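Here's the structure we're looking at; comments come further down.
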Amino acid sequence: MQIEYSPEVEQALNDGRPVVALESTIISHGFPYPKNVELAKEMEAIIRSEGAVPATIAILNGMVTCGLVEEQLLHLAKSETVMKCSVRDLPVAIAGKCTGATTVASTSYIAHKAGIRVFATGGIGGVHKAEEGGRGFDVSADLLELSRTAVAVVAAGAKSILDLPATLEVLESYSVLVVGFKTDKFPAFHSVSSGLNVPATANTIEELSEIVGAHFQMEVPAGMLICNPVPAKDAMSNEEVDELVAKASKEAVASGIKGAAITPYILGALNRLSEGRTSEVNLSLALNNGRVAAQLATALCAR
Ligand code: PSU
Ligand code: MN
């Protein structure tokens, strides 16, 4: 796969300096313009402030691009025809010379090819709730990619539109290392905790980098999910989120939204129903993940 690097990212990788990969679906499908530009720029700034180099990944005119300059970022944020690309969609975007945004799955895949070991996002995709009246069978390719790509993904768990116990079970079946950062609970994206236990906890960046470093040394193909809860001061209560999610889910079912369109639809509906509150929380947790990812990348480089 051909990858076009920004000069800054290429230099950092050549020098063996810490680099943090960032996805672009959160920019094109996660937030409305111009909030998405603010998010993307603040993510990059926080990573730089911790001494690492941000590498936002996207498909531009069919080219897999690692590290976006301002003009490229703005194009992605403003365009209304950006393809949401998981791994299987990449060939279509490349061959069609499309603009495509990468999900957790495809960002991990490209980051790994680029030699980037740490990736910061908001939340991962997972197993959707399949209860009656729900949206039917839907399991995110993020989980499969986590099983076969050795990248450390820093995320605030997964949203409560997903079946979180089932998501954790699949991560276990797939041998994905799951570590809570300063928590023994699986975070529920907008809320600090889902109440579910994670199998391991790291209380400092040093502890975290020891575990992640040991995983890389084992050379198993699987990835890592570093669970970093939303800062408590910005979090929403589980009850509040559950109520919003139930409403948003009903709307999605009633509107016949399916497949890859579900997550963007629900995010938009939550933002509307909460009058922007969920987007504020999403911004806070994403920046928090950017900070921890940069610190982890730096600690791994120092090992
Ligand atoms: N969860 C969020 N915000 C997001 C996504 C997930 O809170 O923007 C995006 C990520 O890019 C993730 C993708 O990889 O949605 C998962 O989509 P799906 O469930 O269709 O696999
Ligand atoms: Mn799906």
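Numbering of ligands and ligand atoms starts at 1, following listing order. What you see is a predicted model; the values in this text were computed from it and never measured.
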Spell out, yes or no, whether [X] and [Y] are grouped together once hydrophobic residues are joined by side-chain heavy atoms under 4.5 Å, including indirect joins.
X	Y	answer
L39	V230	no
I116	F216	no
V198	L177	no

Give me the protein N, O or S atoms that fall under 2.8 Å of the Mn ion (ligand 2), sorted by chain and residue number.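 The answer, once waters are left aside, is D138 OD1.
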N-O pairing of K41 and E44 below 4.0 Å: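 A salt bridge is absent here (no side-chain N lies under 4.0 Å from a carboxylate O).
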State whether E145 and R148 are salt-bridged, where the test is any N-O pair (Lys NZ or Arg NE/NH1/NH2 against Asp/Glu carboxylate O) under 4.0 Å.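 Salt bridge between E145 and R148, a charged N being under 4.0 Å from a carboxylate O: yes.
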Output, or 'none' if empty, a list of ligand 1-protein atom pairs in which both atoms are N or O and the distance is under 3.5 Å, rounded to 0.1 Å.
{"residue": "ligand 1", "atom": "1 (N)", "partner": "K159", "partner atom": "NZ", "Å": "2.8"}
{"residue": "ligand 1", "atom": "7 (O)", "partner": "K159", "partner atom": "NZ", "Å": "2.7"}
{"residue": "ligand 1", "atom": "11 (O)", "partner": "E23", "partner atom": "OE1", "Å": "2.6"}
{"residue": "ligand 1", "atom": "11 (O)", "partner": "E23", "partner atom": "OE2", "Å": "3.4"}
{"residue": "ligand 1", "atom": "14 (O)", "partner": "V104", "partner atom": "N", "Å": "2.7"}
{"residue": "ligand 1", "atom": "14 (O)", "partner": "D142", "partner atom": "OD1", "Å": "3.2"}
{"residue": "ligand 1", "atom": "14 (O)", "partner": "D142", "partner atom": "OD2", "Å": "2.7"}
{"residue": "ligand 1", "atom": "17 (O)", "partner": "K84", "partner atom": "NZ", "Å": "3.1"}
{"residue": "ligand 1", "atom": "19 (O)", "partner": "T263", "partner atom": "OG1", "Å": "3.2"}
{"residue": "ligand 1", "atom": "20 (O)", "partner": "K84", "partner atom": "NZ", "Å": "2.8"}
{"residue": "ligand 1", "atom": "21 (O)", "partner": "S140", "partner atom": "OG", "Å": "2.7"}

Side-chain cluster (under 4.5 Å, hydrophobic types only) that M83 belongs to, other residues: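 Taking Ile, Leu, Val, Met, Phe, Trp and Tyr as members, M83 shares its hydrophobic cluster with V92.
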Under the rule for side-chain hydrogen bond (donor to acceptor under 3.5 Å, both in side chains), what residues qualify as partners of E240, not counting sequence neighbours?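 Here the qualifying residues are R277.
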Give a yes-or-no answer on whether the side chains of D184 and T201 include a donor-acceptor pair shorter than 3.5 Å.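 D184 vs T201: no donor-acceptor pair found between side chains.
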Is the closest side-chain donor-acceptor distance between E251 and Y265 under 3.5 Å?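 Y265 and E251 do have a side-chain donor-acceptor pair below 3.5 Å.
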